[in-house]
Amino acid sequence: LVDDILSLSRLERSEFLADSPFESVRLLPIIEDAVRTCAQKAEGKGVRVEVVCDGALVARANASLLEQAVVNLVDNAVKYSESASDVRVVAGESADHVSIAVHDRGCGIEAEHLPRIFERFYRVDGARSRMMGGTGLGLAIVKHIMAVHGGSVTVESASGAGSCFTLHLSRVTGPAAPVQEK
């Protein structure tokens, strides 16, 4: 809880932006590191995490912050998925943005809760969330990380049908910048 509160506090400080290096980074290593962070929990539940990402896909980002956002989404997807199910992390690009989508086939979220799930301490099912662990701050952190990037996070979900959380980042434009592997 303390670590999550400190993370949110750092993200909200305007001087944090000046200290945060944003550079052209390849997304595949960031996503793979995030999935590795969640691997033990996924294996323990028998949840398979599949990554679909072109190795050349690039975004302008702070690699460690973006990894933290992906870890939070993958961790939630694993946590709320049934045993022996699949979670897919799919990265792609369109004309105006790069996206990283985390799909699960878990319990889903009822429509009435969707407008509030990115609020601090908001829990769709408080009793179940406490039993499964978590602080109620993970999605708020993801929202703030995306705001620091000038991007956004969206969700599509229905009760009993799973969820898809998508991170939206600006595309790299202009002359090619050196790409950091992370």
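Every value quoted in this text rests on a predicted model; they were computed, and no experiment measured them.
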Visitor: Using every non-hydrogen atom in the two residues, find where P115 and E112 come nearest and quote the distance to one decimal.
Guide: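 Answer, listing the atom of P115 first, then E112: CD-O, 3.7 Å.
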Visitor: Mind checking whether V71 and L169 sit in one hydrophobic cluster, side chains of I, L, V, M, F, W, Y counted as touching below 4.5 Å?
Guide: no
Visitor: For the backbone of S81 and the side chain of S85, can you confirm whether one donor and one acceptor N or O come within less than 3.5 Å of each other?
Guide: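 Checking the backbone N and O of S81 against the side chain of S85, no donor-acceptor pair under 3.5 Å is found.
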Visitor: Write out all pairs satisfying salt bridge (Lys or Arg N to Asp or Glu O under 4.0 Å) with one or both partners inside residues 95-109, taking only residues at least two apart or from two chains.
Guide: D86-R105
Visitor: Would you tell me whether T154 and H168 have side-chain atoms, one donor and one acceptor, within less than 3.5 Å of each other?
Guide: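 T154 vs H168: donor-acceptor pair found between side chains.
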Visitor: Once rounded to the nearest 0.5 Å, what's the spacing between atom CG of L65 and atom CE of M146?
Guide: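 Rounded to the nearest 0.5 Å, the CG-CE separation comes to 10.5 Å.
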Visitor: Give the C-alpha distance, both sets of side-chain angles, the deciding distance and a yes or no for side chain to side chain contact (heavy atoms under 4.5 Å, CB included) between V25 and N62.
Guide: CA-CA 8 Å; V25 294; N62 176 297; over 6 Å; no
Visitor: In Å and rounded to the nearest 0.5 Å, what is the CD to OG distance from E156 to S163?
Guide: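 Nearest 0.5 Å value for the CD-OG distance: 10.0 Å.
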Visitor: Quick one: closest heavy-atom pair of A77 and V102, and the distance?
Guide: CB-CG1, 3.8 Å
Visitor: Nearest 0.5 angstrom please: F165 CZ to K143 NZ, how far?
Guide: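 Interatomic distance, F165 CZ to K143 NZ, rounded to 0.5 Å: 13.0 Å.
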Visitor: How long is the span from the CD1 atom in I100 to the CG atom in L73, to the nearest 0.5 Å?
Guide: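 Answer rounded to 0.5 Å: 9.0 Å.
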Visitor: With no hydrogens and no angle check, is any side-chain donor or acceptor of H144 less than 3.5 Å from a backbone partner on A140?
Guide: yes
Visitor: What are the two closest non-hydrogen atoms of L28 and G55, and how far apart are they?
Guide: CD2-CA, 3.9 Å
Visitor: Should N72 and L139 be marked as a side chain to side chain contact (heavy atoms under 4.5 Å, CB included) after you check the CA-CA gap, both sets of side-chain angles, and the distance that decides it?
Guide: CA-CA 7 Å; N72 284 359; L139 292 177; 6.0 Å; no
Visitor: Sequence neighbours left out, what passes salt bridge (Lys or Arg N to Asp or Glu O under 4.0 Å) with E93? Give chain and number order.
Guide: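 For E93 the salt bridge (Lys or Arg N to Asp or Glu O under 4.0 Å) partners, ignoring immediate neighbours, are R171.
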Visitor: Would you kindly confirm whether V90 and V49 end up in one hydrophobic cluster when ILVMFWY residues are joined by side chain heavy atoms under 4.5 Å apart?
Guide: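 The answer is no; the residues belong to distinct hydrophobic clusters.
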Visitor: List the steps, then state whether side chain to side chain contact (heavy atoms under 4.5 Å, CB included) holds for V52 with V89.
Guide: CA-CA 6 Å; V52 178; V89 183; over 6 Å; no
Visitor: Is a donor on one side and an acceptor on the other found under 3.5 Å between the side chain of T166 and the backbone of A101?
Guide: no
Visitor: So, taking the atom named CD1 in I145 and the one named CD in E67, what distance separates them when rounded to the nearest 0.5 Å?
Guide: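 Output value for this atom pair is 10.5 Å.
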Visitor: Quick one: does K41's side chain have a donor or acceptor within less than 3.5 Å of a partner on K79's backbone?
Guide: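 Judged by distance alone, no pair lies under 3.5 Å.
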Visitor: When rounded to the nearest 0.5 angstrom, what is the spacing between CG in L57 and CG in D54?
Guide: 6.5 Å
Visitor: On a heavy-atom basis, which atom in L27 and which in L66 lie closest, and how many Å separate them?
Guide: CD2-CD2, 3.6 Å
Visitor: Evaluate I141 against Q68 for side chain to side chain contact (heavy atoms under 4.5 Å, CB included), listing each step before the verdict.
Guide: CA-CA 9 Å; I141 290 170; Q68 182 181 1; 3.6 Å; yes
Visitor: Are F22 and H149 near enough that their ring centres are under 6.0 Å apart?
Guide: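 Yes, the ring of F22 comes within the 6.0 Å limit of the ring of H149, centre to centre.
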Visitor: Considering all heavy atoms of both residues, which atom of V142 and which atom of A69 are nearest to each other, and what is their separation?
Guide: CG2-O, 3.7 Å
Visitor: Specify the closest pair of heavy atoms between L114 and S157, including all atoms of both residues, with the distance to one decimal.
Guide: CD1-O, 3.9 Å
